[in-house]
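In what follows, a single structure is set out as structure tokens and then discussed.
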Amino acid sequence: MRLTLQTLISHGRVARRMGLGPESRINMLRNILTGLVRHERIETTLARADEVRFYAEKLIDYAKKGDTDEKAMKMASFWLTEKDLVPKLFKVLAPRFEKHSQGFTRMARLPNRENLDRAKMAVLEYKGNPFPPLYPVKKENELTLINQLLKGYREEKTQELYMKCTENVTVNN
Amino acid sequence: MAACTRGLKNLLTSIKFCRTLQFQDERFLCTSALRFANNEPPKFVPPSKPVIINKTQTTASTRRFLSPEFIPPRGRTDPFKYFMERRDMVRRRKALNIPEFYVGSILAVTMADANASGKTNRFVGICIQRGGRGLGATFVLRNILNGQGVEICYELYSPRIQTIEVLKLEKRLDSNLMYLRDALPEYSTVDPEMKPVPFSPTGEVPVNKLKVKMCPKPWSKHWERPQFAIQGIRFDLCMTPKQMEFVQKKYAKPWEEYDMLKEYDTSKLEEQIFAEVQQEMNK
């Protein structure tokens, strides 16, 4: 007698259940991934963003294999429903992440949706996108004493270097 | 001079005498030679049988085979656990020779049994499944004895197992032959007194492209469905091509081959583990 019921116990299951079934889940993720590749920054529910994140990174891994690889082409044409994004994937996104081995996406939480469901929202983006950064970059205050002294020091050094260069030029002449 | 030749002649006659009596023991030969050769010390006796060293066959040309239970499953467990298990597996393999075999090969296993006369029992069967990873790795042998189908699941690393012999090494079209339960009995019968078929340690393992005839439906599982992906059944004798097409279409999951979550690439792991196991075994 089987004491465990595989369908009810989900130990070690990595894939969330979304939509109407496994096919529906894959189709939904496909649509979200296509939107992500087109706009490079999208906002969805937290669960969907988390699922798509894995597939987005794996898609970039496949894209890095190159245009000529059969498997990579098949994967790209399956996952991107809008076929004009396939060249964008191979020619824009793959070279952008050439140096990185992992971590091509960034996810940040947003305030809950305004609707009745108050769903948890998240923003998912590919790194290196042209939009302003999600987390504002902290600029140091230039008007503090130390920063002013450092600024002065830097200016003096550049002046000295300039004098040295002009001296050498006049000496050579 | 004459004494030397006399001694030599005696030695030669003694050697011939020994050879006719077919003494296998080298020590005995030496002592008999000593007894007959009175004055001279025992001369070097070259071996009677030529020693053949096959220089063309190096260790590199023998088949690279890593038993599937060494490859860890996908999960979040610490790799150190698998490392420790592998060490214990290698220790057991040094005590008992576990040969290379695949699903579809015919094996004979002798196991210690307290209740049997002679304290061991021997079972011959065809391997239908190799399951489990690590020290709990199992294999199921199937045979039909007196019209009754018998399947025994043995643990590879169990201390009760005394010998595992491969009587016939071959592969089949599938990695799981559970459908033999629903096939005609002739495909699962193995002669218990079968003689081992010789096989070479180099070269490809022969693939038996046998397609099995099935008993009438219903079967224990729907073997025709694409989830099992069985190549070794003669479906054309069981159902019409239309029925087959219908079933394949209805239960097909075409998105599964593109689902990156289900991919598990073990090539690098396999190489690492193979090198590690080879090193440990040769120590």
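Lettering of chains follows the sequences in order, A, B, ..., and the numbering in each one begins at 1.
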Discussion item. Within the 4.5 Å heavy-atom criterion, are I161(B) and L96(B) side-chain neighbours or not?
Written reply: yes
Worksheet item: Among residues 85-94 of chain A, which residues come closer than 4.5 Å to chain B, judged by heavy atom distances?
Response: none
Discussion item. Is it the case that over 12 heavy atoms from other parts of the model lie below 6.0 angstrom from the CG atom of L149(A)?
Written reply: yes
Worksheet item: Under the side chain to side chain contact (heavy atoms under 4.5 Å, CB included) test, which residues partner L150(A), sequence neighbours left out?
Response: I146(A), N147(A), R154(A)
Worksheet item: Within a strict 4.5 Å, meaning less than it, do heavy atoms of the L156(B) and I164(B) side chains meet?
Response: yes
Worksheet item: More than 12 foreign heavy atoms under 6.0 Å from CZ of F246(B): is that the case here?
Response: no
Discussion item. Within a 6.0 Å radius of atom NZ on K120(A), are there more than 12 heavy atoms belonging to other residues, nucleotides or ligands?
Written reply: no
Worksheet item: Side chains of M214(B) and I233(B): closer than 4.5 Å at any heavy-atom pair?
Response: yes
Worksheet item: Where the side chain of N129(A) meets the backbone of F131(A), is there a donor-acceptor pair that is under 3.5 Å apart?
Response: yes
Worksheet item: Rounded to the nearest 0.5 Å, how far does CE of M28(A) lie from CG of L33(A)?
Response: 13.5 Å
Listing needed: what donor-acceptor pairs below 3.5 Å join chain A with chain B?
from, atom 1, to, atom 2, distance (Å)
Y55(A), OH, D259(B), OD1, 2.6
Y62(A), OH, E263(B), OE1, 3.1
Y62(A), OH, E263(B), OE2, 2.8
W79(A), NE1, Y258(B), O, 3.1

Worksheet entry | Audit row: F70(B), F274(B), ring-ring contact (aromatic ring centres under 6.0 Å, His included) steps and yes/no | CA-CA 9 Å; F70(B) 280 106; F274(B) 182 74; 9.7 Å; no
Response to the item:
What one should report as the nearest heavy-atom pair of L124(A) and L36(A) is O-CD1, 3.5 Å
Response to the item:
Expected contact set for residues 157-173 of chain A against chain B at heavy-atom separation under 4.5 Å reads none
